[in-house]
Amino acid sequence: MDELKKSEAKKQKESLFMQSKHTALLISAEDKQKSDAFAKKYMEFLNASKTEREAVKNAVALLEENGFQPFVPGMQLQAGDKIYVNNRGKAIIAAVIGTELLTKGVRLCAAHIDSPRLDMKQNPLYEEHELALFKTHYYGGIKKYQWTAIPLSLHGVIVKADGNTVEVNIGEDEGDPVFCVTDLLPHLAPAQMKRPANEIVRGEELNLLVGSMPFNQDEESEQVKLHILHILHEKYGIIETDFLSAELEAVPAFPVKELGFDRSMIGGYGHDDRVCAYPALRALLDCVSPAHTAVTILTDKEETGSDGNTGLCSSYLPYFLEDLADCFGVKGRHVMHASQCLSADVNAAFDPTFPDVMEQKNCAYLNHGVCVTKFTGARGKSGTSDASAEFVGTVRRVLDEGNVVWQTGELGKVDAGGGGTVAAYIANLDIDTIDVGVPVLSMHAPFEVVSKLDLYMTYRAFCVFIAS
Ligand code: MN
Ligand code: MN
(Lines give C-alpha, C1' and ligand atoms only; values in the text may rest on other atoms or scores of the structure.)
(Ligands and ions follow the chains in the order given, each with its own letter.)
Protein backbone atom coordinates (compact mmCIF):
# COMPACT_ATOMS: atom_id res chain seq x y z
CA MET A 1 0.00 0.00 0.00
CA ASP A 2 2.81 2.34 0.99
CA GLU A 3 4.70 1.46 -2.15
CA LEU A 4 1.64 2.15 -4.31
CA LYS A 5 1.05 5.52 -2.61
CA LYS A 6 4.65 6.48 -3.12
CA SER A 7 4.67 5.70 -6.79
CA GLU A 8 1.37 7.57 -7.29
CA ALA A 9 2.91 10.59 -5.58
CA LYS A 10 5.97 10.19 -7.72
CA LYS A 11 3.82 10.08 -10.84
CA GLN A 12 1.94 13.18 -9.75
CA LYS A 13 5.18 14.97 -8.96
CA GLU A 14 6.55 14.15 -12.35
CA SER A 15 3.54 15.61 -14.09
CA LEU A 16 2.96 18.60 -11.79
CA PHE A 17 6.36 19.78 -10.59
CA MET A 18 8.69 21.91 -12.66
CA GLN A 19 11.81 20.02 -13.67
CA SER A 20 15.20 21.53 -14.34
CA LYS A 21 17.77 18.95 -15.29
CA HIS A 22 21.31 18.71 -16.58
CA THR A 23 21.15 18.90 -20.36
CA ALA A 24 23.35 15.80 -20.63
CA LEU A 25 20.47 13.75 -19.16
CA LEU A 26 18.09 14.99 -21.82
CA ILE A 27 19.92 14.96 -25.13
CA SER A 28 21.03 12.27 -27.55
CA ALA A 29 24.61 11.20 -28.20
CA GLU A 30 24.26 12.73 -31.65
CA ASP A 31 23.29 16.14 -30.24
CA LYS A 32 26.19 15.93 -27.81
CA GLN A 33 28.54 15.44 -30.75
CA LYS A 34 26.96 18.34 -32.63
CA SER A 35 27.41 20.46 -29.54
CA ASP A 36 31.15 19.69 -29.42
CA ALA A 37 31.55 20.48 -33.12
CA PHE A 38 29.65 23.75 -32.69
CA ALA A 39 31.84 24.74 -29.73
CA LYS A 40 34.96 24.21 -31.81
CA LYS A 41 33.72 26.59 -34.53
CA TYR A 42 32.69 29.12 -31.90
CA MET A 43 36.13 29.05 -30.29
CA GLU A 44 37.73 29.77 -33.67
CA PHE A 45 35.38 32.71 -34.17
CA LEU A 46 36.03 34.05 -30.68
CA ASN A 47 39.82 33.85 -31.01
CA ALA A 48 39.62 35.89 -34.20
CA SER A 49 36.98 38.35 -32.93
CA LYS A 50 38.22 40.10 -29.81
CA THR A 51 36.70 43.48 -30.62
CA GLU A 52 33.43 44.64 -32.18
CA ARG A 53 35.29 45.62 -35.35
CA GLU A 54 36.87 42.20 -35.72
CA ALA A 55 33.54 40.49 -35.00
CA VAL A 56 31.90 42.53 -37.78
CA LYS A 57 34.73 41.77 -40.19
CA ASN A 58 34.48 38.03 -39.53
CA ALA A 59 30.68 38.12 -39.64
CA VAL A 60 30.76 39.86 -43.05
CA ALA A 61 33.17 37.22 -44.35
CA LEU A 62 30.82 34.44 -43.19
CA LEU A 63 27.77 36.21 -44.63
CA GLU A 64 29.40 36.76 -48.02
CA GLU A 65 30.61 33.16 -48.14
CA ASN A 66 26.96 32.20 -47.67
CA GLY A 67 25.59 34.41 -50.41
CA PHE A 68 24.53 37.52 -48.44
CA GLN A 69 24.76 40.84 -50.29
CA PRO A 70 24.86 44.45 -49.11
CA PHE A 71 21.35 45.86 -48.73
CA VAL A 72 20.49 48.85 -50.89
CA PRO A 73 17.30 50.74 -49.95
CA GLY A 74 14.71 50.33 -52.68
CA MET A 75 16.20 47.13 -54.07
CA GLN A 76 13.95 44.39 -55.44
CA LEU A 77 13.67 41.59 -52.92
CA GLN A 78 11.98 38.21 -52.89
CA ALA A 79 11.73 35.19 -50.61
CA GLY A 80 15.10 33.58 -50.01
CA ASP A 81 17.14 36.73 -50.71
CA LYS A 82 19.98 37.31 -48.26
CA ILE A 83 21.10 40.81 -47.34
CA TYR A 84 23.19 42.67 -44.77
CA VAL A 85 23.99 46.18 -43.61
CA ASN A 86 27.37 46.99 -42.13
CA ASN A 87 26.93 49.88 -39.69
CA ARG A 88 30.29 51.69 -39.64
CA GLY A 89 32.29 48.49 -39.22
CA LYS A 90 31.07 48.10 -35.62
CA ALA A 91 27.59 46.62 -35.89
CA ILE A 92 25.78 44.55 -38.46
CA ILE A 93 22.25 43.60 -39.48
CA ALA A 94 21.67 40.59 -41.73
CA ALA A 95 18.42 39.17 -43.03
CA VAL A 96 16.92 36.33 -45.03
CA ILE A 97 13.65 37.30 -46.72
CA GLY A 98 10.78 34.99 -45.75
CA THR A 99 7.94 33.53 -47.75
CA GLU A 100 5.28 35.25 -45.60
CA LEU A 101 4.21 38.86 -46.09
CA LEU A 102 6.56 41.24 -44.28
CA THR A 103 3.54 42.65 -42.42
CA LYS A 104 3.43 39.32 -40.54
CA GLY A 105 6.57 40.60 -38.81
CA VAL A 106 10.18 39.49 -38.68
CA ARG A 107 11.91 37.04 -36.35
CA LEU A 108 14.68 39.16 -34.87
CA CYS A 109 17.72 37.73 -33.05
CA ALA A 110 19.84 40.40 -31.35
CA ALA A 111 23.16 40.16 -29.53
CA HIS A 112 26.07 42.48 -28.82
CA ILE A 113 29.67 42.14 -29.96
CA ASP A 114 31.41 44.68 -27.73
CA SER A 115 32.97 43.42 -24.49
CA PRO A 116 34.51 45.05 -21.41
CA ARG A 117 38.13 46.09 -22.00
CA LEU A 118 40.67 48.87 -21.55
CA ASP A 119 40.53 51.66 -24.14
CA MET A 120 43.59 53.82 -24.74
CA LYS A 121 43.06 57.50 -23.97
CA GLN A 122 43.40 59.99 -26.85
CA ASN A 123 46.81 61.17 -25.65
CA PRO A 124 48.01 57.86 -24.24
CA LEU A 125 51.79 57.65 -24.51
CA TYR A 126 54.07 58.96 -21.76
CA GLU A 127 57.40 58.19 -20.15
CA GLU A 128 57.98 58.08 -16.44
CA HIS A 129 61.24 57.02 -14.81
CA GLU A 130 62.46 55.40 -18.02
CA LEU A 131 59.35 53.31 -18.63
CA ALA A 132 56.90 54.00 -21.46
CA LEU A 133 53.21 53.58 -20.68
CA PHE A 134 49.76 54.17 -22.20
CA LYS A 135 47.02 55.87 -20.20
CA THR A 136 43.77 53.90 -20.44
CA HIS A 137 40.07 54.42 -19.74
CA TYR A 138 38.16 51.26 -18.98
CA TYR A 139 35.15 50.35 -21.14
CA GLY A 140 32.13 48.67 -19.54
CA GLY A 141 31.67 47.35 -16.03
CA ILE A 142 34.89 45.76 -14.82
CA LYS A 143 36.50 44.81 -11.53
CA LYS A 144 39.66 46.81 -12.18
CA TYR A 145 41.98 44.59 -10.14
CA GLN A 146 41.24 41.68 -12.53
CA TRP A 147 42.97 43.52 -15.38
CA THR A 148 46.41 43.78 -13.81
CA ALA A 149 49.31 41.34 -14.27
CA ILE A 150 47.81 39.48 -17.24
CA PRO A 151 49.06 39.59 -20.84
CA LEU A 152 47.08 42.06 -22.94
CA SER A 153 46.99 42.56 -26.69
CA LEU A 154 46.27 45.79 -28.53
CA HIS A 155 43.58 45.97 -31.23
CA GLY A 156 42.00 48.80 -33.16
CA VAL A 157 42.46 51.50 -35.74
CA ILE A 158 44.46 54.70 -36.08
CA VAL A 159 43.20 57.34 -38.52
CA LYS A 160 46.14 59.39 -39.75
CA ALA A 161 46.16 63.09 -40.59
CA ASP A 162 45.78 62.30 -44.30
CA GLY A 163 42.61 60.28 -43.59
CA ASN A 164 44.19 56.89 -44.16
CA THR A 165 43.42 54.24 -41.56
CA VAL A 166 45.88 51.70 -40.22
CA GLU A 167 44.71 48.60 -38.42
CA VAL A 168 46.48 47.48 -35.27
CA ASN A 169 46.55 43.92 -33.93
CA ILE A 170 49.55 43.16 -31.71
CA GLY A 171 49.83 40.39 -29.15
CA GLU A 172 47.76 37.60 -30.66
CA ASP A 173 50.20 35.87 -32.99
CA GLU A 174 52.90 33.50 -31.82
CA GLY A 175 56.01 35.66 -31.52
CA ASP A 176 54.11 38.94 -31.00
CA PRO A 177 54.99 40.98 -27.92
CA VAL A 178 52.22 41.59 -25.36
CA PHE A 179 51.51 44.36 -22.86
CA CYS A 180 50.33 44.50 -19.25
CA VAL A 181 49.10 46.62 -16.39
CA THR A 182 51.46 46.17 -13.44
CA ASP A 183 50.36 45.56 -9.86
CA LEU A 184 52.08 46.06 -6.53
CA LEU A 185 54.06 43.21 -4.98
CA PRO A 186 52.35 41.78 -1.84
CA HIS A 187 55.44 42.64 0.23
CA LEU A 188 54.75 46.33 -0.22
CA ALA A 189 50.96 46.18 -0.54
CA PRO A 190 49.68 46.35 3.08
CA ALA A 191 48.44 49.90 2.50
CA GLN A 192 46.96 49.04 -0.91
CA MET A 193 45.15 46.01 0.54
CA LYS A 194 43.40 48.28 3.06
CA ARG A 195 41.76 50.24 0.23
CA PRO A 196 38.10 49.34 -0.47
CA ALA A 197 37.85 46.60 -3.13
CA ASN A 198 36.66 49.00 -5.83
CA GLU A 199 39.84 51.01 -5.30
CA ILE A 200 42.47 48.29 -4.85
CA VAL A 201 43.44 49.32 -8.34
CA ARG A 202 42.09 52.73 -9.32
CA GLY A 203 41.06 53.81 -12.84
CA GLU A 204 44.07 56.07 -13.24
CA GLU A 205 46.35 53.21 -12.14
CA LEU A 206 45.35 51.05 -15.12
CA ASN A 207 48.43 52.12 -17.08
CA LEU A 208 49.66 49.84 -19.84
CA LEU A 209 53.39 49.07 -19.88
CA VAL A 210 54.62 49.35 -23.49
CA GLY A 211 58.43 49.81 -23.41
CA SER A 212 61.65 50.40 -21.48
CA MET A 213 64.53 50.86 -23.96
CA PRO A 214 65.96 54.30 -24.94
CA PHE A 215 66.12 55.30 -28.61
CA ASN A 216 69.93 55.94 -28.55
CA GLN A 217 72.74 57.22 -26.31
CA ASP A 218 72.19 60.96 -26.92
CA GLU A 219 71.72 63.23 -23.91
CA GLU A 220 68.00 63.76 -24.51
CA SER A 221 64.92 63.48 -22.33
CA GLU A 222 62.06 61.00 -22.96
CA GLN A 223 64.27 58.63 -24.94
CA VAL A 224 62.09 55.60 -24.13
CA LYS A 225 58.92 57.32 -25.36
CA LEU A 226 60.83 58.42 -28.45
CA HIS A 227 61.87 54.82 -29.08
CA ILE A 228 58.24 53.66 -28.96
CA LEU A 229 57.13 56.42 -31.35
CA HIS A 230 60.03 55.55 -33.66
CA ILE A 231 58.91 51.90 -33.77
CA LEU A 232 55.28 52.88 -34.37
CA HIS A 233 56.33 55.33 -37.09
CA GLU A 234 58.33 52.64 -38.88
CA LYS A 235 55.54 50.06 -38.60
CA TYR A 236 52.43 52.19 -39.17
CA GLY A 237 53.68 55.54 -40.45
CA ILE A 238 52.07 57.35 -37.50
CA ILE A 239 53.16 60.24 -35.30
CA GLU A 240 52.01 61.00 -31.75
CA THR A 241 49.18 63.31 -32.87
CA ASP A 242 47.56 60.41 -34.75
CA PHE A 243 46.55 58.84 -31.42
CA LEU A 244 43.98 61.65 -31.21
CA SER A 245 41.98 59.94 -33.94
CA ALA A 246 42.53 56.36 -32.88
CA GLU A 247 40.53 53.65 -31.17
CA LEU A 248 42.94 51.24 -29.49
CA GLU A 249 41.60 48.56 -27.20
CA ALA A 250 43.60 46.36 -24.82
CA VAL A 251 42.09 42.90 -24.39
CA PRO A 252 43.38 39.64 -22.86
CA ALA A 253 46.06 38.20 -25.14
CA PHE A 254 45.42 34.53 -24.39
CA PRO A 255 43.21 32.32 -26.60
CA VAL A 256 40.00 30.62 -25.43
CA LYS A 257 40.48 27.08 -24.11
CA GLU A 258 38.38 24.06 -23.30
CA LEU A 259 37.92 23.98 -19.53
CA GLY A 260 37.73 21.08 -17.08
CA PHE A 261 39.03 17.50 -17.15
CA ASP A 262 35.88 16.64 -19.09
CA ARG A 263 36.32 19.57 -21.51
CA SER A 264 32.66 20.43 -20.95
CA MET A 265 33.22 24.17 -20.66
CA ILE A 266 34.96 26.97 -22.53
CA GLY A 267 37.06 29.57 -20.74
CA GLY A 268 38.16 32.79 -22.34
CA TYR A 269 37.68 36.48 -22.98
CA GLY A 270 34.60 38.00 -24.60
CA HIS A 271 31.89 35.36 -24.14
CA ASP A 272 29.69 38.31 -23.14
CA ASP A 273 28.19 38.53 -25.63
CA ARG A 274 29.80 36.80 -28.56
CA VAL A 275 28.62 33.50 -27.04
CA CYS A 276 25.15 34.67 -28.11
CA ALA A 277 26.25 36.65 -31.19
CA TYR A 278 27.93 33.70 -32.88
CA PRO A 279 24.98 31.29 -32.53
CA ALA A 280 22.57 34.07 -33.63
CA LEU A 281 24.67 34.59 -36.75
CA ARG A 282 25.09 30.86 -37.34
CA ALA A 283 21.34 30.24 -37.04
CA LEU A 284 20.70 32.86 -39.71
CA LEU A 285 23.38 31.39 -42.01
CA ASP A 286 21.88 27.92 -41.54
CA CYS A 287 18.20 28.82 -41.97
CA VAL A 288 16.52 27.50 -45.10
CA SER A 289 13.57 29.31 -46.64
CA PRO A 290 12.06 30.75 -43.43
CA ALA A 291 8.37 31.67 -43.39
CA HIS A 292 8.93 34.94 -41.52
CA THR A 293 11.78 37.16 -42.62
CA ALA A 294 14.69 36.36 -40.32
CA VAL A 295 16.85 39.22 -39.07
CA THR A 296 19.98 38.99 -36.93
CA ILE A 297 21.51 42.13 -35.46
CA LEU A 298 24.94 42.16 -33.84
CA THR A 299 25.29 45.47 -32.10
CA ASP A 300 27.96 47.59 -30.47
CA LYS A 301 28.00 49.74 -27.30
CA GLU A 302 25.84 47.51 -25.10
CA GLU A 303 28.45 47.54 -22.35
CA THR A 304 28.33 51.34 -22.09
CA GLY A 305 24.54 51.67 -22.19
CA SER A 306 23.76 51.29 -25.93
CA ASP A 307 24.12 55.00 -26.74
CA GLY A 308 25.87 56.15 -29.90
CA ASN A 309 25.15 55.47 -33.57
CA THR A 310 26.35 51.87 -33.42
CA GLY A 311 24.38 51.08 -30.24
CA LEU A 312 20.75 50.00 -30.05
CA CYS A 313 19.51 53.26 -28.55
CA SER A 314 20.21 54.76 -31.98
CA SER A 315 17.76 54.42 -34.86
CA TYR A 316 19.77 52.18 -37.14
CA LEU A 317 17.57 49.14 -36.46
CA PRO A 318 14.18 50.85 -37.02
CA TYR A 319 15.61 52.67 -40.05
CA PHE A 320 16.64 49.32 -41.53
CA LEU A 321 13.22 47.79 -40.85
CA GLU A 322 11.53 50.84 -42.41
CA ASP A 323 13.77 50.63 -45.48
CA LEU A 324 13.01 46.92 -45.73
CA ALA A 325 9.27 47.64 -45.43
CA ASP A 326 9.56 50.25 -48.21
CA CYS A 327 10.97 47.56 -50.53
CA PHE A 328 7.67 45.71 -50.16
CA GLY A 329 5.43 48.79 -50.16
CA VAL A 330 4.36 48.35 -46.53
CA LYS A 331 4.78 50.46 -43.40
CA GLY A 332 7.76 49.87 -41.12
CA ARG A 333 5.74 50.37 -37.98
CA HIS A 334 3.30 47.65 -39.02
CA VAL A 335 6.23 45.28 -39.56
CA MET A 336 7.67 46.12 -36.13
CA HIS A 337 4.31 45.73 -34.37
CA ALA A 338 4.01 42.15 -35.70
CA SER A 339 7.65 41.23 -35.05
CA GLN A 340 9.15 39.05 -32.35
CA CYS A 341 12.64 39.29 -30.90
CA LEU A 342 14.98 37.10 -28.92
CA SER A 343 17.31 39.59 -27.27
CA ALA A 344 20.27 37.33 -26.66
CA ASP A 345 22.62 38.21 -23.87
CA VAL A 346 24.41 36.25 -21.21
CA ASN A 347 23.00 35.78 -17.74
CA ALA A 348 24.78 35.03 -14.47
CA ALA A 349 25.19 31.31 -13.79
CA PHE A 350 24.89 30.04 -10.23
CA ASP A 351 28.36 29.88 -8.67
CA PRO A 352 28.60 27.49 -5.67
CA THR A 353 31.46 29.59 -4.31
CA PHE A 354 29.23 32.68 -4.18
CA PRO A 355 25.71 31.31 -3.56
CA ASP A 356 24.47 34.29 -1.53
CA VAL A 357 23.74 36.62 -4.45
CA MET A 358 21.37 34.13 -6.08
CA GLU A 359 17.82 33.10 -5.27
CA GLN A 360 18.25 29.46 -6.07
CA LYS A 361 14.70 28.77 -7.25
CA ASN A 362 14.98 31.44 -9.94
CA CYS A 363 18.54 31.51 -11.17
CA ALA A 364 20.34 29.94 -14.12
CA TYR A 365 22.61 26.92 -13.77
CA LEU A 366 25.48 25.88 -15.99
CA ASN A 367 24.47 23.05 -18.34
CA HIS A 368 20.74 23.47 -17.79
CA GLY A 369 20.26 24.89 -21.26
CA VAL A 370 19.58 28.26 -22.80
CA CYS A 371 18.34 30.70 -20.17
CA VAL A 372 15.08 32.56 -20.80
CA THR A 373 14.92 35.77 -18.75
CA LYS A 374 11.50 37.43 -18.57
CA PHE A 375 12.89 40.63 -17.12
CA THR A 376 16.21 42.16 -16.10
CA GLY A 377 16.72 45.57 -14.50
CA ALA A 378 17.47 46.61 -10.93
CA ARG A 379 15.47 47.36 -7.79
CA GLY A 380 11.75 47.37 -8.74
CA LYS A 381 12.44 46.02 -12.26
CA SER A 382 13.75 49.45 -13.22
CA GLY A 383 15.09 49.66 -16.76
CA THR A 384 13.53 46.45 -18.04
CA SER A 385 10.96 45.72 -20.73
CA ASP A 386 9.49 42.70 -18.86
CA ALA A 387 8.16 40.37 -21.57
CA SER A 388 4.42 39.67 -21.41
CA ALA A 389 3.10 36.33 -20.18
CA GLU A 390 1.64 35.86 -23.66
CA PHE A 391 5.01 36.24 -25.38
CA VAL A 392 6.76 34.05 -22.79
CA GLY A 393 4.05 31.48 -23.56
CA THR A 394 4.79 31.71 -27.28
CA VAL A 395 8.54 31.34 -26.82
CA ARG A 396 8.06 28.48 -24.36
CA ARG A 397 5.96 26.54 -26.88
CA VAL A 398 8.47 27.14 -29.67
CA LEU A 399 11.38 25.92 -27.54
CA ASP A 400 9.52 22.88 -26.18
CA GLU A 401 8.26 21.84 -29.60
CA GLY A 402 11.80 22.20 -30.95
CA ASN A 403 13.23 20.01 -28.15
CA VAL A 404 15.43 22.84 -26.95
CA VAL A 405 16.63 22.40 -23.36
CA TRP A 406 15.96 25.68 -21.62
CA GLN A 407 15.70 27.13 -18.13
CA THR A 408 14.53 30.33 -16.55
CA GLY A 409 16.77 32.69 -14.65
CA GLU A 410 16.85 36.16 -13.20
CA LEU A 411 19.94 38.26 -12.70
CA GLY A 412 20.54 37.60 -9.00
CA LYS A 413 18.45 38.08 -5.89
CA VAL A 414 15.99 40.95 -5.58
CA ASP A 415 18.01 44.06 -4.66
CA ALA A 416 21.32 42.18 -4.88
CA GLY A 417 22.31 44.38 -7.81
CA GLY A 418 21.04 44.04 -11.34
CA GLY A 419 21.68 45.04 -14.90
CA GLY A 420 20.09 45.51 -18.27
CA THR A 421 20.31 44.37 -21.87
CA VAL A 422 19.24 45.73 -25.25
CA ALA A 423 15.82 44.07 -24.83
CA ALA A 424 14.18 47.27 -23.60
CA TYR A 425 15.36 49.31 -26.61
CA ILE A 426 13.99 46.75 -29.05
CA ALA A 427 10.74 46.36 -27.10
CA ASN A 428 10.42 50.17 -27.19
CA LEU A 429 10.07 49.84 -30.99
CA ASP A 430 6.76 48.02 -30.39
CA ILE A 431 8.38 44.60 -30.90
CA ASP A 432 7.61 41.61 -28.62
CA THR A 433 10.98 40.96 -27.00
CA ILE A 434 12.41 38.58 -24.45
CA ASP A 435 15.91 37.94 -23.17
CA VAL A 436 17.51 34.58 -23.81
CA GLY A 437 21.13 33.57 -23.52
CA VAL A 438 23.98 31.55 -22.17
CA PRO A 439 24.67 31.38 -18.40
CA VAL A 440 28.20 32.61 -17.61
CA LEU A 441 30.56 32.26 -14.65
CA SER A 442 32.91 35.18 -13.88
CA MET A 443 31.01 37.51 -16.22
CA HIS A 444 33.00 40.59 -17.33
CA ALA A 445 36.28 39.07 -16.09
CA PRO A 446 39.18 38.66 -18.52
CA PHE A 447 38.46 34.91 -18.39
CA GLU A 448 34.76 34.04 -18.47
CA VAL A 449 33.34 30.50 -18.40
CA VAL A 450 30.40 28.99 -20.33
CA SER A 451 29.20 25.45 -20.98
CA LYS A 452 29.34 23.92 -24.44
CA LEU A 453 25.85 22.42 -24.07
CA ASP A 454 24.32 25.78 -23.14
CA LEU A 455 26.01 27.36 -26.16
CA TYR A 456 24.60 24.68 -28.44
CA MET A 457 21.11 24.97 -26.95
CA THR A 458 21.23 28.72 -27.54
CA TYR A 459 22.02 28.07 -31.20
CA ARG A 460 19.13 25.58 -31.35
CA ALA A 461 16.83 28.15 -29.72
CA PHE A 462 17.59 30.67 -32.47
CA CYS A 463 17.07 28.00 -35.15
CA VAL A 464 13.61 26.98 -33.95
CA PHE A 465 12.62 30.60 -33.30
CA ILE A 466 13.57 31.63 -36.84
CA ALA A 467 11.62 28.67 -38.21
CA SER A 468 8.52 29.47 -36.09
MN1 MN B 1 26.04 41.29 -22.39
MN1 MN C 1 28.03 42.59 -20.24
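Atoms within each ligand, like the ligands themselves, are counted from 1 in listed order.
Using a cutoff of 4.0 Å between basic side-chain nitrogens and carboxylate oxygens, Arg53 and Glu247 are scored as salt-bridged. Under a 4.0 Å N-O distance rule, the pair Lys374/Asp386 qualifies as a salt bridge. A salt bridge is absent between Glu44 and Lys40: the closest approach of a Lys/Arg side-chain nitrogen to an acidic carboxylate oxygen does not fall below 4.0 angstrom.
Among residue pairs with one or both ends in residues 368-399, those qualifying as ring pair (Phe, Tyr, Trp, His ring centres under 6.0 Å) are Tyr365-His368; sequence neighbours excluded.
Between the side chains of Ser115 and Arg274, at least one donor N or O sits under 3.5 Å from an acceptor N or O. Side chains of His112 and Asp300: a donor-acceptor N/O pair is absent below 3.5 angstrom, by distance only.
Taking distances strictly below 2.8 Å, the protein N/O/S atoms close to the Mn ion (ligand 1) are His112 NE2, Asp272 OD1, Asp345 OD1, Asp345 OD2.
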